[in-house]
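Protein chains get the first letters and strands the later ones, always in sequence-line order, with residue 1 at the start of each.
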Number of protein chains: 2
Amino acid sequence: MDKAKTKKLKDQGWIVGSTQDFLGLTDDETAYIELKLTLGQNLKKRRLEKELTQIQLARILKSNQSRVAKMEAGDPSVSIDLLIKSLLVLGTSRQELAGIIALA
Amino acid sequence: MDKAKTKKLKDQGWIVGSTQDFLGLTDDETAYIELKLTLGQNLKKRRLEKELTQIQLARILKSNQSRVAKMEAGDPSVSIDLLIKSLLVLGTSRQELAGIIALA
DNA sequence: TTAATTTATGTCAGATTAGACATAAAAGCA
DNA sequence: TGCTTTTATGTCTAATCTGACATAAATTAA
């Protein structure tokens, strides 16, 4: 959120903070969640580049459509483990994986 | 293994192949295992840099010594998830994490 | 619009993983 | 050497994660 918008909201009486503040997450918990979101977004990006539906990707991953949807959304029920395994199945190299993770 | 050594063994009648060949792993399975090993090695590196014993690190991670040993060894009972979470607790940045993963 | 396709959300049983514990093995030191 | 500290290995139960399924919501095409 930009500073101007933050100030405006505060002037109106809103208490403004980050989601992290709100949920009381530690830095490492926040980093974990953000990393998961990034990986999920990249999985979606790769799926769309290959012009696959979630069902088609699910077949490749030997999973199902609902889990693919949750992976792409970084759902709490999905581990980073599964996301990395999925990216590797799609042929993502370690260098590419590193590139994804480096994205802030 | 270098080529000269491979040739010598083959000349002696040995059948030479990679561990991957032997176990019949797919490329992505191999990549997953290697990635886990790399992360475990880095966790150990960071522990030693901080001059911590496995017990001390376990306390920080709210885990126990045996699991730390398994993490450092890339044991099958340890997920990449746990390794990444542990590195993040130790303050590893995403850029550092990317650097680790990029290591062949 | 409506129908078809695609994606999102909720639940659950089975599989996997984590922490705890015991104990063995290895390393360091007197 | 023996004693201490550290690390490795094996097993258990509880907790977490996954695939499967149902179904709702959203998107697309006709």
Check DNA chain D against residues 31-60 of chain B and give the residues with a non-hydrogen atom under 4.0 Å, in numerical order.
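DNA chain D contact set from residues 31-60 of chain B: B:R47, B:T53, B:Q54.
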Short of 4.0 Å, heavy atom to strand atom, which residues of residues 72-89 of chain A count as contacting DNA chain D?
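When residues 72-89 of chain A is checked for heavy atoms under 4.0 Å from DNA chain D, the hits, listed by number, are A:S77, A:V78, A:S79, A:L82.
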Just the rounded figure in Å: distance from [atom2] of [N] to [atom1] of [X].
X     : N      : atom1 : atom2 : value
A:L61 : D:dA20 : CG    : P     : 12 Å
A:Q65 : D:dC21 : CD    : P     : 13 Å
B:M71 : D:dT6  : CE    : C1'   : 16 Å

Tell me every residue that passes side chain to side chain contact (heavy atoms under 4.5 Å, CB included) with A:A58, counting only those two or more places apart in sequence or in another chain.
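Scan of A:A58 (side chain to side chain contact (heavy atoms under 4.5 Å, CB included), adjacent residues dropped) gives A:V68.
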Which atom of B:T38 lies closest to which atom of B:I100, heavy atoms considered:
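Scanning both residues completely, I find the closest heavy atoms to be CG2-O, 3.6 Å.
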If I compare all heavy atoms of B:G74 with all of B:L37, which pair ends up nearest, and what's the gap?
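Where B:G74 meets B:L37 most closely, the heavy atoms are CA-CD2, 4.1 Å.
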At 4.0 Å (heavy atoms only), tell me whether B:K62 reaches a base, stays on the sugar-phosphate, or touches nothing.
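It contacts sugar-phosphate atoms only.
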To the nearest 0.5 Å, what is the distance between NZ (B:K62) and OG (B:S86)?
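Interatomic distance, B:K62 NZ to B:S86 OG, rounded to 0.5 Å: 12.0 Å.
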Look at the side-chain heavy atoms of Ile, Leu, Val, Met, Phe, Trp and Tyr, link any pair under 4.5 Å apart, and say whether B:L83 and B:I60 land in one connected group.
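Yes, B:L83 connects to B:I60 through the hydrophobic network.
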Single-linkage hydrophobic cluster, 4.5 Å side-chain cutoff, B:L103 and A:I84 together
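No; tracing contacts between hydrophobic side chains, which count when under 4.5 Å, never links both residues.
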Between B:S63 and C:dG19, is there a side-chain N or O to OP1/OP2 distance below 4.0 Å?
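For B:S63, the contact criterion (side-chain N or O under 4.0 Å from OP1 or OP2 of C:dG19) is met.
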Counting side-chain heavy atoms from C-beta on, which of D:dC21, C:dT7, D:dA8 comes nearest to A:N64?
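Nearest to the side-chain atoms of A:N64, counting from C-beta on, is D:dC21.
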Under 3.5 Å side-chain donor-acceptor pair for B:E72 and B:Q54
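Checked: B:E72/B:Q54 side chains pair up, N/O donor to acceptor below 3.5 Å.
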Out of A:R46, A:R47, A:K45, which one pairs with A:E49 under the salt bridge (Lys or Arg N to Asp or Glu O under 4.0 Å) rule?
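The option that passes is A:K45.
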What I want to check is whether an N or O donor and acceptor connect the side chain of A:K70 with the base of C:dG10 at under 3.5 Å.
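Yes, a donor-acceptor pair under 3.5 Å.
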